[in-house]
Every structure is written in structure tokens, then in C-alpha cells.
Amino acid sequence: MTAKIAYADVEVGTELPAQSFPVDRATLVKYAGASGDFNPIHWNEKFAVEVGLPDVIAHGMFTMAEAVRVVTDWTGDPAAVVEYGVRFTKPVVVPNDAEGALIEVSGKVAAKLDDNRVRVDLLATSAGQKVLGMSRAVVRLG
């Protein structure tokens with residue numbers, strides 16, 4: 001595949017379509033099975049509270065993966081992402097209710113680089129709190 005976005009068609013400041021990603025306890029159990037990360041802070045409310053968390057929290061890598069979907073959906077090609085990194089700033093708290101939590105992600109082109117690459121800066125929040133810091137992806141465009 002090749003990115004469906006052309007390098008010539010983007011400028012610094014180009015905004016990517018924002019997205020919201022719901023997460024509930026069932027999602028966390030499925031992710032735990034897929035990733036092998038069965039840390040009880042991600043599924044056991046009693047344990048999470050005992051270790052000082054407000055409630056069960058989403059896996060950091062799950063949050064990171066959901067955020068970069070804004071980039072991969074924009075490019076149309078997951079292989080277009082050549083670098084990606086974040087700092088975990090706040091956990092995504094996932095209550096045991098019908099709604100769960102919502103991870104809201106927006107992004108924009110922060111720099112045009114050589115070799116048809118751009119740096120995209122992402123903003124990921126949940127419950128009004130920034131959950132990822134320094135969230136940046138370098139993407140090779142068409």
C-alpha cells in the first residue's frame with residue numbers, strides 16, 4: 001500500500017480528522033488476551049484502588065495504539081508510519097458502567113521533512129485530561 005495523502009497536498013498546520021475511541025471493561029479484557037498483559041490494574045477494580053489508582057485503567061499501549069489510528073486512517077496505509085512515540089501523562093480511567101471511557105484524539109502536521117515525510121503531532125485526551133504527551137508520528141506520504 002501507499003499513503004493516499006500526497007506530500008505536496010499538506011502544509012504545516014494541516015489538521016487530521018479528529019476521532020473518538022470508546023473503551024469499556026470488555027475491551028480491556030480482549031486487549032489483555034491479545035497482548036498478554038494481564039496486570040490486574042487493567043481489569044480488577046479492587047486491586048487498582050488498593051494500589052492508589054482511581055479505578056481500572058486502560059493499558060498504556062492500548063491508548064497509544066488507539067491514538068495513532070488517527071494517523072493511519074488519514075494516510076490509508078499503516079506502513080506509512082515510520083516513527084511513533086509518546087509519553088504517558090495520565091491514565092485512561094475506565095469505569096464499570098454502560099459508557100466506559102472515551103479517548104479523543106486530534107492531530108496536525110507539525111513539520112514537513114525530507115523524503116516525503118511529515119511529523120504529525122497528536123493530542124489525546126480522556127475525561128478532559130491529556131493522556132499522552134509528546135505524541136508524535138513521522139509519516140511517509142505519497
Side-chain angles (χ1 to χ4, degrees), residues 1-45 47-97 99-142:
M1 290 180 79
T2 303
K4 66 182 180 182
I5 304 295
Y7 180 81
D9 293 339
V10 300
E11 299 296 331
V12 170
T14 298
E15 294 187 12
L16 284 61
Q19 294 188 52
S20 297
F21 304 100
V23 54
D24 59 17
R25 298 281 178 94
T27 305
L28 298 181
V29 171
K30 291 174 190 175
Y31 183 82
S35 69
D37 181 351
F38 293 101
N39 187 323
I41 64 173
H42 303 304
W43 57 270
N44 183 320
E45 184 175 336
F47 183 85
V49 171
E50 285 175 355
V51 298
L53 295 168
D55 205 332
V56 164
I57 63 170
H59 302 73
M61 296 302 283
F62 173 82
T63 304
M64 188 178 176
E66 291 292 81
V68 81
R69 286 177 55 191
V70 167
V71 177
T72 60
D73 288 354
W74 177 64
T75 65
D77 180 10
V81 177
V82 296
E83 292 177 33
Y84 179 47
V86 306
R87 289 199 178 144
F88 301 106
T89 57
K90 298 269 186 196
V92 174
V93 178
V94 183
N96 191 17
D97 60 19
E99 287 88 39
L102 195 62
I103 302 168
E104 298 175 280
V105 184
S106 60
K108 68 175 153 183
V109 175
K112 290 186 82 169
L113 309 170
D114 61 348
D115 197 26
N116 284 10
R117 296 175 308 134
V118 298
R119 190 187 87 216
V120 175
D121 289 354
L122 297 168
L123 174 63
T125 63
S126 183
Q129 298 283 318
K130 187 174 177 180
V131 296
L132 298 176
M134 300 291 290
S135 184
R136 298 177 173 170
V138 175
V139 184
R140 182 167 287 113
L141 300 178

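Looking at heavy atoms from C-beta onward, Ile103 lies in side-chain contact with Thr63 at the 4.5 angstrom threshold. With a 4.5 Å cut-off on side-chain heavy atoms, Leu28 and His59 count as touching. Between Val56 and Val93 the shortest side-chain heavy-atom distance does not fall below 4.5 Å.
Counting heavy atoms of neighbouring residues, nucleotides and ligands inside a 6.0 Å radius, atom NZ of Lys112 exceeds 12 of them.
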Side chain to side chain contact (heavy atoms under 4.5 Å, CB included) between Leu141 and Val10, intermediate numbers included: CA-CA 9 Å; Leu141 300 178; Val10 300; 3.8 Å; yes
field: Intermediate values then yes/no, side chain to side chain contact (heavy atoms under 4.5 Å, CB included), Val23 and Phe21
entry: CA-CA 7 Å; Val23 54; Phe21 304 100; over 6 Å; no
task: I would like to know whether Asp77 and Lys4 meet salt bridge (charged side-chain N to carboxylate O under 4.0 Å, His left out); could you show each step before the answer?
output: CA-CA 7 Å; Asp77 180 10; Lys4 66 182 180 182; over 6 Å; no
- request: Might you work through the side chain to side chain contact (heavy atoms under 4.5 Å, CB included) test for Val81 and Val138, ending with a clear yes or no?
  value: CA-CA 6 Å; Val81 177; Val138 175; over 6 Å; no
message: Go through it in stages, so that I can follow the logic: the residues are Arg69 and Thr72, the test is side chain to side chain contact (heavy atoms under 4.5 Å, CB included), and I'd like the CA-CA distance, side-chain angles, deciding distance and then a yes or no.
response: CA-CA 5 Å; Arg69 286 177 55 191; Thr72 60; 4.3 Å; yes
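Considering CG of Asp24 and NZ of Lys30, their distance stands at 7.5 Å, rounded to 0.5 Å. Between Leu123 atom CG and Lys108 atom NZ the span is 9.5 Å, to the nearest 0.5 Å. Atom CD of Glu104 and atom OG1 of Thr125 lie 4.5 Å apart (nearest 0.5 Å). To the nearest 0.5 Å, the span separating CZ on Arg87 from CZ on Arg136 amounts to 9.0 Å. Once rounded to the nearest 0.5 Å, the distance linking CG of Leu122 with OG of Ser106 reads 7.5 Å.
Judged by distance alone, with hydrogens and angles left aside, the side-chain atoms of His42 form no donor-acceptor pair with the main-chain N or O of Ala32 at under 3.5 Å. Distance alone, capped at 3.5 Å, is enough to place a donor-acceptor pair between the Asn39 side chain and the Ile41 backbone. Judged by distance alone, the side chain of Trp74 and the main-chain N or O of Pro17 form no donor-acceptor pair under 3.5 Å. Side-chain N or O atoms of Thr14 include one that pairs as donor or acceptor with a backbone N or O of Glu11 at under 3.5 Å. Without hydrogens or angle criteria, Arg117 side chain to Asp114 main chain gives a donor-acceptor distance under 3.5 Å. Looking only at distances, a side-chain donor or acceptor of Thr89 sits under 3.5 Å from a matching main-chain atom of Lys130. Under a 3.5 Å cut-off, the side chain of Tyr84 and the backbone N or O of Met64 do form a donor-acceptor pair. The closest donor-acceptor contact from the side chain of Arg119 to the backbone of Leu113 lies at 3.5 Å or more, if one exists at all.
Between Glu45 and Asn96, the side chains place no donor N or O within less than 3.5 Å of an acceptor N or O (distance only, hydrogens not considered).
With respect to Val139, the side-chain contact (heavy atoms from CB on, under 4.5 Å) criterion is satisfied by exactly one of Val82, Asn116, Thr75: Thr75. Between Pro22 and the choices Val94, Thr27, Leu102, the side-chain contact (heavy atoms from CB on, under 4.5 Å) rule is met once, by Leu102.
Between Tyr31 and Phe62, the angle of the ring planes goes over 60°, which puts this pair in the perpendicular group of the 30/60° scheme.
Contact detail for Ala67 and Val105: the closest heavy-atom pair is O-CG1, 3.7 Å. Summarising the geometry of Ala137 relative to Val71, their closest heavy-atom pair is CB-CG2, 4.3 Å, with the distance given to 0.1 Å. In terms of heavy atoms, Asp121 sits closest to Ala110 at OD2-CB, 3.2 Å. Taking each heavy atom of Gly142 and Ala3 in turn, the nearest pair found is N-CB, 3.9 Å. For Ala111 against Val12, the heavy-atom pair with the smallest separation is CA-CG2, 3.9 Å.
Look at Arg25 and Asp55 and you find a salt bridge, because one of the NZ, NE, NH1 or NH2 atoms lies within 4.0 Å of a carboxylate O, short of that distance.
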